[in-house]
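Reading through the structure tokens given below for one structure.
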There are 2 protein chains.
Amino acid sequence: MATIYDVAKAASVSPKTVSRVLNGDAPVGKETRKAVETAMAELGYVPSNAARMMRSNRSGLIGLVTGALSHKLEPMEPTGLPDLYIVQGIQKVMADSGKTLIIADTGGTSAKVPQLVRTFLQHRVEALIYVADYHQQVTLDTGAGNCPVVLVNCFDADGTPAILPDDECCQFELVTDLIRSGHERIAYLTLDPAMVATELRSRGYRAALEAADIPYDGALEIMARKNVEEDDGGLLQRALDSVLALDGPPTVICCGNDEMALRLYGLIRSRGLRIPEDVSVAGFDNYRAIAETLYPPLTTVELPYLAMGQRAAEIALGMIKGEDEQLAGPEMVPGPVHWRSSVTALNSVTKLRSNTGSTFS
Amino acid sequence: MATIYDVAKAASVSPKTVSRVLNGDAPVGKETRKAVETAMAELGYVPSNAARMMRSNRSGLIGLVTGALSHKLEPMEPTGLPDLYIVQGIQKVMADSGKTLIIADTGGTSAKVPQLVRTFLQHRVEALIYVADYHQQVTLDTGAGNCPVVLVNCFDADGTPAILPDDECCQFELVTDLIRSGHERIAYLTLDPAMVATELRSRGYRAALEAADIPYDGALEIMARKNVEEDDGGLLQRALDSVLALDGPPTVICCGNDEMALRLYGLIRSRGLRIPEDVSVAGFDNYRAIAETLYPPLTTVELPYLAMGQRAAEIALGMIKGEDEQLAGPEMVPGPVHWRSSVTALNSVTKLRSNTGSTFS
DNA sequence: AACTGCTATGACACCGATGTCATGACTTCG
DNA sequence: CGAAGTCATGACATCGGTGTCATAGCAGTT
């Protein structure tokens, strides 16, 4: 690989002059510049980041630790593929800032994290971003020293900057939209309560009811999914039977995620009911392969993973620049409701329903 | 950040001795070693890869160019998320070899590739891997010079080493398994013929029929999906009607992918038919969120994305080591059939069907 | 005793960039 | 015309490690 000295020799100038052409930080004669550029092209010269970094101490690298690449091997997927969208958001912002992402995967074992962080520090990353595969609390033993750290889709007890999906707000918006469409008996089949998101969404569900002066009916909110092998879908089936048997059966059923909704479609139809004429269904995650492919297409909420990734990247960049806007705790990012035909309007003023609070479609 | 000199001073030894402790490439006295290790721990010393690289010329970095992170923003997803599994496979092998992955995303614009490659070369990556989001031909203007390049899920005209899914073999295995189960009238609803995979799979389908002495009936093989906005699913509906109206209707319907199968479930049931009692269904991709969630679970083929990634990484590592086992063209990797209850056996000798050719379950 | 061989360590140059400072040519101004 | 300022360029040190070679101490050999 050609070095700056080779180029200098070929162009009959000093290495420093080549450096000046490269960085444009000092005036260079027209002739000289042309000679240098020719030499560079002929030799296929590409400057070495390593050498450059030794003086400047700026690696241009951002370290990203995630389980995104491995967690899909696990049998249980609590949600869709949030982390990938997050990584995507981060990548986009970083690329626009001229930073290069270096990625390491935990392989599902958080014990590997310190090792991975060490590797990153060896490469002198300018910031570290940790992306979790679902909304959870973590205890990160980074040993990252003074390297900026941002958590995404997770938070810790030490007030490390964190970007989180606003599960509560999302569920609130969805249920509020349902209420605007005339629904009042709204069932909610929840995910495993062990998940942080479950509790948050439940709050959003209740808050929306309360805001509309609809009394909360505990019989309508049922846990219908457990993250254990024994849950073969039986929970969902029983939950459905339970709410349908109520005196005032629900006109719409909210699901903890889109996969649950997909199963529910089958269960509802096998009971001879139509969607949405007899009962409406709403999901969560906007898992498009499901939500858009189902018939009728599924009304669901999109967690703002892409936006979260972007925001996390912005925060990280800010911390690199030393801006003191360091948020000392979690920042919640809301996401939009995707209204599709799996939910029918019970009143005629459908148009009242608008995309409140959504920042993107 | 502490340097090797700081450590040397703290331990009252020469920098070179610290280096020896780090790399274990020469004997170091017990006492001395302990002193150095203590100093390193106290100072939180992490060696700089940049400095190390300047002498050794080994960056420990592997460059990965992909559209994996952005293509899911596109409205049309021809297949599942193959590239992610590929990246996962690569990551795993590279991590095991102590290499760090640096990732850049094309953002869907292949025009960005030269720029990305340049960045990688600046970081002196030891190899470049390009991952496409679906099986296709590419023309890569890398300008990578003498840096090893491996293509995954795509190939070019120059004989660059490439790892490809064996679409033909996969479809062959699936159809052969169907035939073993007693099916003879096997419909095949294909994807857009513009895709490389479509033609290959079609060949596999016909080869399986031929191997079993079942005459090929063109009326059973219908294009049912086009990658254009106008295709709202109408093609699939008409294709289904068409095969069901035949004199000898199919006993099993193969789909170009799992999403198509998901839609087909709905269409078949809306015609009052049961799956698999009245007609069996098979998919393609083993898109688990769909295949395992549907009721009944979907028989489908898994393209060996993970294995492809691993293989690509191995090839790349081999090229780095300078091994001459360089394959000069594409290498095809087969994948396993996942047999689930969406296909019924028409004969009683179900047990004949075994996981032929599958290397993993 | 002189020599060989091994262990443990340090001095020093070097990798490929860039920051600092110096220098020579030329312009501009009082 | 001489002083001051600008432009274009180069010499040299430096960043943080590692390769090479030298050296000193201490067996073991003959």
Take A:L151 and A:I129 through the test side-chain contact (heavy atoms from CB on, under 4.5 Å) and record every step on the way to the result. CA-CA 6 Å; A:L151 305 175; A:I129 303 183; over 6 Å; no

Sorted by first residue and then second, give each side-chain hydrogen bond (donor to acceptor under 3.5 Å, both in side chains) pair with at least one member in residues 49-65 of chain B; sequence neighbours left out.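 Qualifying pairs, neighbours excluded: A:Q122-B:N49.
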
Salt bridge or not for B:E31 and B:K34, using N-O below 4.0 Å?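 Looking at B:K34 together with B:E31, the answer is no, because their closest N to O distance does not fall below 4.0 Å.
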
Under 3.5 Å: donor-acceptor pair, side chain of [X], backbone of [Y]:
X	Y	result
A:S48	A:A50	yes
B:S97	B:K99	no
A:T119	A:Q115	yes

Please list all pairs passing the salt bridge (charged side-chain N to carboxylate O under 4.0 Å, His left out) test where one or both residues lie in residues 145-158 of chain A, with sequence neighbours left out.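 Sorted pair list comes back empty.
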
Residue-level proximity of residues 34-41 of chain B to DNA chain C when a heavy atom falls under 4.0 Å: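 Output list: empty, so none.
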
Could you check how far [atom1] of [X] sits from [atom2] of [N], rounded to whole Å?
X	N	atom1	atom2	answer
B:D6	D:dC15	CG	C1'	13 Å
B:R124	C:dG16	CZ	C1'	9 Å
B:M53	C:dC15	CE	C1'	10 Å
A:M1	C:dC15	CE	P	17 Å
A:M54	D:dG17	CE	P	8 Å

Could you measure the distance from the CD atom of A:E126 to the CZ atom of A:F120? Nearest 0.5 Å is fine.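 A:E126 atom CD to A:F120 atom CZ measures 13.5 Å (nearest 0.5 Å).
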
Tabulate protein N/O versus nucleotide N/O from nucleotides 18-21 of chain C, keeping only pairs under 3.5 Å, one per line.
| residue | atom | partner | partner atom | Å |
| --- | --- | --- | --- | --- |
| C:dT18 | OP1 | A:N23 | OD1 | 3.4 |
| C:dT18 | OP1 | A:N23 | ND2 | 3.0 |
| C:dT18 | OP1 | A:R52 | NE | 2.9 |
| C:dT18 | OP1 | A:R52 | NH2 | 3.3 |
| C:dT18 | OP2 | A:S19 | OG | 2.7 |
| C:dT18 | OP2 | A:N23 | ND2 | 3.3 |
| C:dG19 | N7 | A:K16 | NZ | 2.8 |

Using the test salt bridge (Lys or Arg N to Asp or Glu O under 4.0 Å), find all partners of B:D6 that sit at least two apart in sequence or belong to another chain.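 Salt bridge (Lys or Arg N to Asp or Glu O under 4.0 Å) check on B:D6 returns nothing, list empty.
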
Which residues pass the salt bridge (Lys or Arg N to Asp or Glu O under 4.0 Å) test with B:K16, not counting sequence neighbours?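 Scan of B:K16 (salt bridge (Lys or Arg N to Asp or Glu O under 4.0 Å), adjacent residues dropped) gives none.
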
Report the residue (A:A50 or B:G29) whose heavy-atom-nearest nucleotide on DNA chain C is the more 5′ of the two.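 Per heavy-atom nearest nucleotide, the more 5' residue is B:G29.
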
Given [N], is OP1 or OP2 found less than 4.0 Å from the side-chain N or O atoms of [X]?
X	N	answer
B:T3	D:dC15	no
B:T17	C:dT9	no
B:S48	D:dG16	no

Which donor-acceptor pairs under 3.5 Å do side chains of residues 18-30 of chain B form with protein atoms, sequence neighbours excluded?
| residue | atom | partner | partner atom | Å |
| --- | --- | --- | --- | --- |
| B:S19 | OG | B:N23 | ND2 | 3.4 |
| B:N23 | ND2 | B:S19 | O | 2.9 |

Protein-nucleotides 22-28 of chain D N/O pairs under 3.5 Å:
none

Find the bend of the helix from C:dA1-D:dT30 to C:dG30-D:dC1 as the angle between its two terminal axes (five pairs each), to the nearest 10°.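 It comes to 50° between the two terminal axes.
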
Under the side chain to side chain contact (heavy atoms under 4.5 Å, CB included) rule, collect the residues that match up with A:E42, sequence neighbours excluded.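 Only A:T38 meet the side chain to side chain contact (heavy atoms under 4.5 Å, CB included) criterion with A:E42.
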
Taking only residues two or more places apart in sequence or in another chain, which ones pass side chain to side chain contact (heavy atoms under 4.5 Å, CB included) with A:A95?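 For A:A95, the residues satisfying side chain to side chain contact (heavy atoms under 4.5 Å, CB included) (neighbours in sequence not counted) are A:Q91.
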
Going 5' to 3' through nucleotides 22-28 of chain C and flagging B where a protein heavy-atom sits under 4.0 Å of the base, S where only the sugar-phosphate is that close, and - otherwise, we get -------

